[in-house]
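So that the names make sense, note that chain A is the first sequence line, chain B the second, and so on, each numbered from 1. Quick note: numbers below take in every heavy atom, side chains included, and nothing from hydrogens, waters or symmetry partners.
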Amino acid sequence: MKSIPKYDFKSIEAKWQRYWDENSTFHAEIDHSKPKFYALVEFPYPSAAGLHVGHPRSYTALDVVARKRRLCGYNVLYPMGWDAFGLPTENFAMKNHIHPEVVTRDNVARFKSQLKALGLSFDWQREVNTTDPSYYKWTQWIFLQLYKHGLAYKKEMNVNWCTGCKVVLANEEVVNGKCERCGSEVVHKDKSQWMLKITAYADKLIDGLDGLDFIDRVVAQQKNWIGRSYGAEVNFSTTAGDTLTVYTTRCDTLFGATYMVVSPEHELVKKWLESGVIQNPDEVTAYQAEAARKSDFERTELNKDKTGVCLAGVRGINPVNEQEIPIFISDYVLASYGTGAIMAVPAHDTRDYAFAKKFGLPIVEVVKGQGESNLDKEAFTDVATGTLVNSGFITGLSVEEAKKKMVAWLTETGKGCEKVNYKLRDWVFSRQRYWGEPIPMISCEKCGWQPVPEDQLPLRLPDITDFEPGENGESPLARHTEWVNTTCPRCGGPAKRETDTMPQWAGSSWYFLRYMDPHNENALASKEAMDYWGPVDWYNGGMEHTTLHLLYSRFWHKFLYDIGVVPQPEPYAKRTSHGMILGLNPHSFVNLPAYEQAAMLKEYGSEKAATAALVEKYGEMAEHPVVKMSKSLGNVVNPDEIVAEYGADTMRLYEMFIGDFEKAAPWNTASIRGCKRFLERIWNLQGIVIDGDDYRKELVTPFHQTIKKVTGDIEAMKFNTAIAAMMGLLNQIADTGAITRREYRDLLIMLNPFAPHLTEELFELMGFESPITSQKWLSWDEAKCVESTIQIAVQVNGKVRTRLDVAADISAEDAIAAAKGDARVAAEIAGKNLVKELYVKGKLVNLVVK
RNA sequence: GCCGGUGUGGCGGAAUAGGCAGACGCACCGCACUCAAAAUGCGGCGGAGCAAUCCAUACCGGUUCAAGUCCGGUCACCGGCACCA
């Protein structure tokens with residue numbers, strides 16, 4: 001055995017990273033001679049905290065796929081960039097008096113060097129940054145197209161208002177009714193906001209999912225979020241003369257409607273208050289005021305206890321039986337869904353039931369189930385088994401039939417129609433913040449809102465130094481009158497710029513298009529580039545982006561498709577998702593040092609009591625041994641330290657080996673050592689290399705099997721088992737005490753996507769055709785994946801009694817005969833009645849006796 | 001409440017399509033090497049039993065020659081939505 005130098009990952013990794021940079025190894029250009037493969041991972045928000053060990057899980061996974069696909073002959077585009085606008089940067093800038101642009105530049109530099117240290121095969125020549133004016137020029141351009149097509153509009157909106165920061169918050173910035181940042185109460189306030197009409201695309205966004213290769217949970221969550229429901233609108237006339245239209249999915253229960261409810265904000269209520277038909281206006285306006293003051297949290301948290309006020313002096317008239325029924329206002333009916341008004345059927349809706357019980361309203365049964373139901377206790381809501389009763393012309397029908405007949409009747413009589421509704425709301429697109437794309441609109445007193453002419457884009461952020469939000473929740477830009485005051489593009493008169501900026505979701509809604517042609521000054525990307533590279537073949541990202549980023553970007557892309565800007569209707573052909581990397585909770589009992597555990601057991605008697613004490617001290621979190629990493633728990637793992645101590649290849653391998661890729665997994669620094677050992681053993685194989693252009697006889701099957709396994713597992717994202725298979729192969733090779741050059745070469749190619757630096761170095765050291773990046777991926781021969789002799793199990797009544805070595809192609813008869821010939825088996829079945837004998841090819845023989 | 005998912009050794013996790021449960025790794029134990037330790041190599045490692053063998057994939061039941069896997073029910077945990085009519 002030759003003596004070989006130590007595995008010096010530091011110099012090896014630096015060397016190859018430099019080589020890839022200098023040779024632009026991963027730069028992709030349009031090449032029609034090869035099939036293209038566009039792999040995409042979510043670009044990070046470059047925070048001040050730097051890279052988290054969670055980031056590389058997704059990046060390494062698609063890096064493995066990208067590297068393998070390149071060896072398979074694909075022209076691979078694997079880009080990276082920065083989603084750099086956003087509140088944290090602005091807050092950091094305010095606190096430390098550094099311009100957000102500078103903060104962003106520093107953070108990007110740090111992230112970039114951290115990513116480069118991991119040897120990810122990104123095409124850095126296509127790097128994009130959402131805060132770059134040459135990038136946000138096109139974000140603004142897309143906004144203008146949306147505006148010109150009637151999909152962007154300004155509207156007085158009920159928004160979240162933080163009473164502490166005195167600023168408007170996005171829904172995602174409100175956590176349990178409190179401001180995410182300062183913890184103050186969040187209330188509702190009317191404010192004029194730019195909106196994007198994503199609801200116009202609700203159907204397209206649902207229906208478009210059908211042809212896509214998205215994992216099921218993403219599809220389910222998107223559909224759920226859009227929340228399409230099929231029902232009917234029913235027009236109730238009122239004693240005040242107006243028509244009150246309601247939306248219902250249960251028009252079959254119309255005969256059971258015993259009252260109506262409208263939201264406190266409903267415009268008919270305003271009208272009736274003004275005209276004086278309401279006889280208890282004080283009570284009604286008091287309720288309205290209280291509802292407006294309530295936060296979302298209060299509204300939903302108290303949902304068990306229904307409140308409301310009956311409108312005295314006005315009654316609704318049920319169109320099927322001309323019965324007069326009372327009308328209430330209550331905040332359990334939302335202004336923003338359906339028509340903001342409902343017909344209440346307490347017998348068959350749990351919320352209506354609760355309300356009716358509280359206000360002593362009649363409960364009329366119109367659907368009867370087959371089993372027992374008790375309307376004294378609860379509403380009967382089962383649509384599958386119900387039959388209509390007490391319901392005039394639909395009595396006796398099933399719920400489904402009754403719905404159909406009722407819709408027909410409503411349509412015929414003009415008293416209603418079929419109607420589809422969505423939970424999805426239009427997208428509030430304004431932020432009263434500095435660090436975002438300025439919304440390119442100008443307000444003229446004479447001409448109204450006018451778009452900034454496209455040739456004036458990008459509309460740059462003015463260079464200011466004070467980023468505090470204004471008194472009235474206005475953007476900091478509003479104070480900069482020299483920027484705000486401008487001229488109307490239409491009449492040339494004095495006008496003012498919009499001072500709100502776009503939300504962070506804007507820049508990330510189209511970045512994958514920019515990667516295709518990142519330096520284009522005349523279009524967001526050239527037609528040629530989009531024709532060739534689009535759509536993204538494989539997009540991996542976190543589940544937390546399913547309903548916002550993923551939906552928003554599909555919306556923009558579908559819009560761009562409809563106006564002929566992009567050539568494909570969907571942006572992403574395939575979407576997968578990785579599980580989060582978690583940390584150990586230092587406050588959980590099982591993670592305490594042994595001596596502390598012992599002390600606690602002594603003090604509290606049992607683990608359960610000890611945990612209860614820990615919960616008392618640290619909060620509910622103490623019950624969970626594995627939690628999200630957080631600064632406050634001190635369990636954040638810094639990737640830089642891991643790379644410094646173990647090397648990038650080990651880090652990559654561990655990230656892929658840690659567990660099922662789609663599931664969350666706890667980081668365990670101790671386990672990394674196994675991956676390091678594996679790479680060191682690969683390195684040390686140098687000492688036992690022998691000549692040979694083939695696999696040795698006993699390794700033919702293991703090699704073919706492993707190549708097949710690794711190839712399939714990479715595509716199926718089963719990285720952990722791909723690595724396990726290679727570890728198993730290495731164990732088999734090591735058992736022989738030698739490795740042929742051919743075996744070594746192929747082992748390195750297989751391992752290259754996971755450990756690119758080490759394998760490149762060894763390829764060069766061994767004098768193979770370096771670099772690996774110019775080699776071909778391995779193929780396997782199905783016939784050689786099976787050994788000529790195999791071991792089968794022999795069962796008697798399903799229990800294994802012995803194992804036999806037989807020829808792989810043994811016939812069923814011969815296998816069974818061999819099994820019976822075995823002395824132990826023969827003894828077991830002697831004197832018994834043989835009922836059945838089975839041979840499962842390559843697996844086992846089962847003899848059933850009685 | 002609704003939708004989706006998960007439950008397998010001390011731990012992370014394997015187990016095409018119903019066919020030998022626990023691959024691969026961590027931790028741990030023993031041995032070798034060493035003055036010693038680390039590193040490395042070899043062996044062991046679900047539970048009970050001297051053993052043959054029996055028990056074991058959250059729990060209860062079913063289908064089957066055969067169930068971690070399929071069916072019915074229960075429990076627990078995770079993620080999303082949540083007064084959406």
To the nearest angstrom, how far is A:F661 atom CZ from B:rG13 atom P?
14 Å
Mind running a 4.0 Å heavy-atom check of residues 342-350 of chain A against RNA chain B and sending the residues that fall below it, in number order?
A:I342
Are the side chains of A:I672 and A:W667 in contact, using a 4.5 Å heavy-atom criterion?
yes
Quick check: any donor-acceptor pair below 3.5 Å linking the side-chain of A:K306 to the base of B:rC83?
yes
Think A:S330 has a side-chain N or O under 4.0 angstrom from the OP1 or OP2 of B:rC83?
no
In whole Å, what is the span from the CG atom of A:L730 to the C1' atom of B:rG41?
14 Å
Between A:D426 and A:T199 (side chain of the first, backbone of the second, donor and acceptor by atom type, cut-off under 3.5 Å), is there such a pair?
yes
Only pairs under 3.5 Å count here: list side-chain donor-acceptor contacts from residues 674-683 of chain A, not counting sequence neighbours, and write none if there are none.
from: A:R681; atom 1: NH1; to: A:N731; atom 2: OD1; distance (Å): 2.9
from: A:R681; atom 1: NH2; to: A:N731; atom 2: OD1; distance (Å): 3.2
from: A:W683; atom 1: NE1; to: A:P5; atom 2: O; distance (Å): 2.8

When rounded to the nearest Å, what value does the distance between P atoms of B:rA21 and B:rU74 take?
30 Å
If you compare all heavy atoms of A:A819 against all heavy atoms of A:V845, which two are closest, and at what distance to 0.1 Å?
CB-CG1, 3.8 Å
Base, sugar-phosphate alone, or nothing: which one does A:A664 contact when heavy atoms must sit under 4.0 Å apart?
sugar-phosphate
Could you measure between the two P atoms, the one in B:rA82 and the one in B:rG61, and give it in whole Å?
41 Å
State, to 0.1 Å, how close A:S671 and A:Y654 come at their nearest heavy-atom pair, and which atoms those are.
CB-CE1, 3.7 Å
When A:L847 is tested against each of A:K820, A:R801, A:Q795 for side-chain contact (heavy atoms from CB on, under 4.5 Å), which residue passes?
A:K820
Which residues, if any, of residues 702-714 of chain A bring a heavy atom under 4.0 Å of RNA chain B?
none
Between B:rG80 (P) and A:I226 (CD1): distance, integer Å
18 Å
Here the distance between atom P of B:rG12 and atom CE of A:M656, to the nearest Å, is 19 Å
B:rC33 and B:rG68: how far apart are their P atoms, nearest whole angstrom?
45 Å
Report the secondary structure of RNA chain B in dot-bracket form, marking unpaired bases with a dot and bases paired to a different strand with |, and treating Watson-Crick or G-U pairs with both distances under 3.5 Å as paired.
(((((((..(((......[....))).(((((.......))))).(((....)))..(((((..]....))))))))))))....
Which protein N or O atoms sit under 3.5 Å from an N or O of nucleotides 5-8 of chain B?
none

The contact string for nucleotides 19-30 of chain B, one letter per nucleotide 5' to 3', using protein heavy atoms under 4.0 Å with B, S and - for base, sugar-phosphate only and none, comes out as BB--BBSSS---
Just to be sure I understand the rule, does A:K718 reach a base, reach only the sugar-phosphate, or reach nothing, if contact means heavy atoms closer than 4.0 Å?
sugar-phosphate
Which heavy atom of A:M580 sits nearest a heavy atom of A:R57, and at what distance?
O-NH1, 3.8 Å
Quick check for you: among B:rC81, B:rC54, B:rC83, whose closest atom lies nearest to any side-chain atom of A:W225?
B:rC81
side-chain contact (heavy atoms from CB on, under 4.5 Å) with A:H266: of A:I329, A:L244, A:V333, only one passes, and it is A:L244
For B:rC59 and B:rG10, measure between their P atoms and round to the nearest Å.
14 Å
